[in-house]
Participant: 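My structure is below; once you've seen it, I'll send some questions.
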Amino acid sequence: MITEKAVLTEKAGEEQYDRAVRLLHEGELVAFPTETVYGLGALATSEEAVRKIYEAKGRPSDNPLIAHVGTAEEVSEYACDVPEKARILMDAFWPGPLTLILRAAPGVFAPSVTAGLDTVGLRMPDHPVALKLLRRFGRPVAAPSANTSGKPSPTSADHVATDLDGKISYILDGGRTGIGIESTVLDLTSDIPAILRPGAVTADMLVPLIGPVNGSAEASEAGTDAPRAPGMKYTHYSPDAPVFLIRPDRNRIGEAVRSLQEEGHRIALVAPEEFGGSDADWFFPAGREGDPESVSADLYDALRACDRTGADIILAASVGEEGIGRAVMNRLNKAAGGKWFGR
Ligand code: TXA
Ligand code: MG
């Protein structure tokens, strides 16, 4: 394919870090792996550089970006009024899949990083390639997930190239990401901290350290659930064909596939590997039954694979809400727009 600017993908090594750092200094975009998903990085203090992120992704400009740091010490330069709870959580979970929303230090970030808010999301990713890049660069890197806005986030360099070839200059390839879904976003600027986006760091892990948290399972049952992060109102994580959630029950899936095929549909099934024997036209395994971490790791790759088929309906098996299962269900619900097959 001939593109304006073919993307260069290289395995991370010494020269590659140098190239990535040079490009970031020049205000170019660099995609890099984290432990959650690939990020699309730009120098967070440069408005011109950060605007390129929104352009490449086709991202709505009212949706702020996460600034990535290589050390916890940098936080006092980038945020002010940092509460004790933030220090406790950084000690416990950084580097790791927890983004903290804090008051932004005035004048540091390009306005497009915070989308005009007076707060900023900060995160130190737990991935050797990301950490080495961030520490060499020594400046904050604004990085949303490196996908076209609305598509599932990328968990491999290939996914990034599929979405952004011709739109970005460089991908630092660090193989497949581990966790597979985006970080937990925790707002520490409200009286009671609020989970704005669930992720691998769960309310159960936060509460023993900092006390009550809104957006925990209890809060959503009581109807006092926190407002979502600005980005959560948009359609997200969606393959091209409509997605329907379905309970992971062999008979139910078998009947759904049969009745939909009788109506002339072609079905892709995304479910734990144990569901491989169904009559679906395409099957993309996502993890193993009763193991939500393994589902999380495979989910976006499986959803993306559906776009390379002729399926006009995608059935996706639900998971239990224990541990990271809650975050997996949050993403699946978004992908399905809340639709279930015969619930
Ligand atoms: O795991 C991740 O978090 C990945 C990797 C690359 O680090 N990044 C990521 O970024 O998922 P993005 O831009 O796709 O999602 C950032 C989320 C959005 O839902 C956004 O609305 C929210 O964080 N967010 C960012 N800054 C915020 C702020 N100041 N206040 C409230 N929400 C914020
Ligand atoms: Mg994203």
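Both ligands and their constituent atoms are indexed starting at 1 by order of listing. We count residues from 1, following the sequence as given. Here the structure is a predicted model, which means the values were calculated and not measured.
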Participant: Counting only heavy atoms, tell me which of Ala130, Pro144, Gly180 gets closest to atom 10 (O) of ligand 1.
Facilitator: Pro144
Participant: Hey, what do you get for CD1 (Ile192) to NZ (Lys85), rounding to the nearest 0.5 Å?
Facilitator: 8.0 Å
Participant: Within a distance under 4.0 Å of any heavy atom of Gly39, pick out the atoms of ligand 1 and give their elements.
Facilitator: 6 (C)
Participant: At less than 4.0 angstrom from any non-hydrogen atom of Thr36, what atoms of ligand 1 do you find?
Facilitator: 1 (O), 2 (C), 4 (C), 5 (C)
Participant: Which of the atoms in ligand 1, numbered in the order shown and given with their element, are less than 4.0 Å from a heavy-atom of Asn63?
Facilitator: 18 (C), 20 (C), 21 (O)
Participant: So that I can tick it off, tell me whether Glu55 and Lys167 are bridged by a salt bridge, with the cut-off set at under 4.0 angstrom between side-chain N and carboxylate O.
Facilitator: no
Participant: Is the closest side-chain heavy-atom distance between Arg304 and Asp163 below 4.5 Å?
Facilitator: yes
Participant: Is the CZ atom of Arg51 crowded by more than 12 outside heavy atoms at less than 6.0 Å?
Facilitator: no
Participant: Would you say the side-chain atoms of Gln261 pair up with the backbone N or O of Asp279, donor to acceptor, closer than 3.5 Å?
Facilitator: yes
Participant: I want to confirm something. Looking only at heavy atoms, which of Pro64, Gly116, Ala104, Gly199 is nearest to atom 24 (N) of ligand 1?
Facilitator: Pro64
Participant: Contact between ligand 1 and Thr114 is defined here as a heavy atom of the residue under 4.0 Å from a ligand atom; is it met?
Facilitator: no
Participant: Just do the side-chain contact (heavy atoms from CB on, under 4.5 Å) check on Asp18 and Glu14 with the steps written out, would you?
Facilitator: CA-CA 7 Å; Asp18 289 344; Glu14 287 307 308; 5.5 Å; no
Participant: Does a sphere of radius 6.0 Å around CZ in Arg87 hold more than 12 heavy atoms from other residues, nucleotides or ligands, not counting ones at 6.0 Å or beyond?
Facilitator: yes
Participant: With heavy-atom distances below 4.0 Å as the criterion, list the atoms of ligand 1 near Leu196.
Facilitator: 31 (C), 32 (N)
Participant: Look at atom CD of Glu48 and say whether more than 12 heavy atoms of other residues, nucleotides or ligands are closer to it than 6.0 Å.
Facilitator: no
Participant: Heavy atoms only: which of Thr119, Ile66, Thr177 is nearest to atom 29 (N) of ligand 1?
Facilitator: Thr119
Participant: Can Ser153 and Glu182 be counted as having a side-chain donor-acceptor contact under 3.5 angstrom?
Facilitator: yes
Participant: At a 4.0 Å threshold, what atoms of ligand 1 neighbour a non-hydrogen atom of Val185?
Facilitator: 23 (O)
Participant: If hydrogens are left out, which of Met124, His68, Arg103, Glu35 has an atom nearest to atom 7 (O) of ligand 1, that is, the closest non-hydrogen atom?
Facilitator: His68
Participant: Near Arg123, which atoms of ligand 1 are under 4.0 Å from a heavy atom of that residue?
Facilitator: 1 (O), 2 (C), 3 (O), 5 (C), 7 (O)
Participant: Provide the protein N, O or S atoms situated under 2.8 Å from the Mg ion (ligand 2); waters are not included.
Facilitator: Ser145 OG
Participant: Checking side-chain contact (heavy atoms from CB on, under 4.5 Å) between Thr9 and each of Asp158, Ile171, Val160, Asp165, which is the one that passes?
Facilitator: Ile171
Participant: Got Tyr300 and Lys151 here, is their nearest side-chain heavy-atom distance under 4.5 Å?
Facilitator: no
Participant: Under a 4.0 angstrom heavy-atom cut-off, which atoms of ligand 1 come close to Ser145?
Facilitator: 8 (N), 9 (C), 10 (O), 12 (P), 14 (O)
Participant: Less than 4.5 Å apart, any side-chain heavy atom of Tyr54 and any of Leu65?
Facilitator: yes
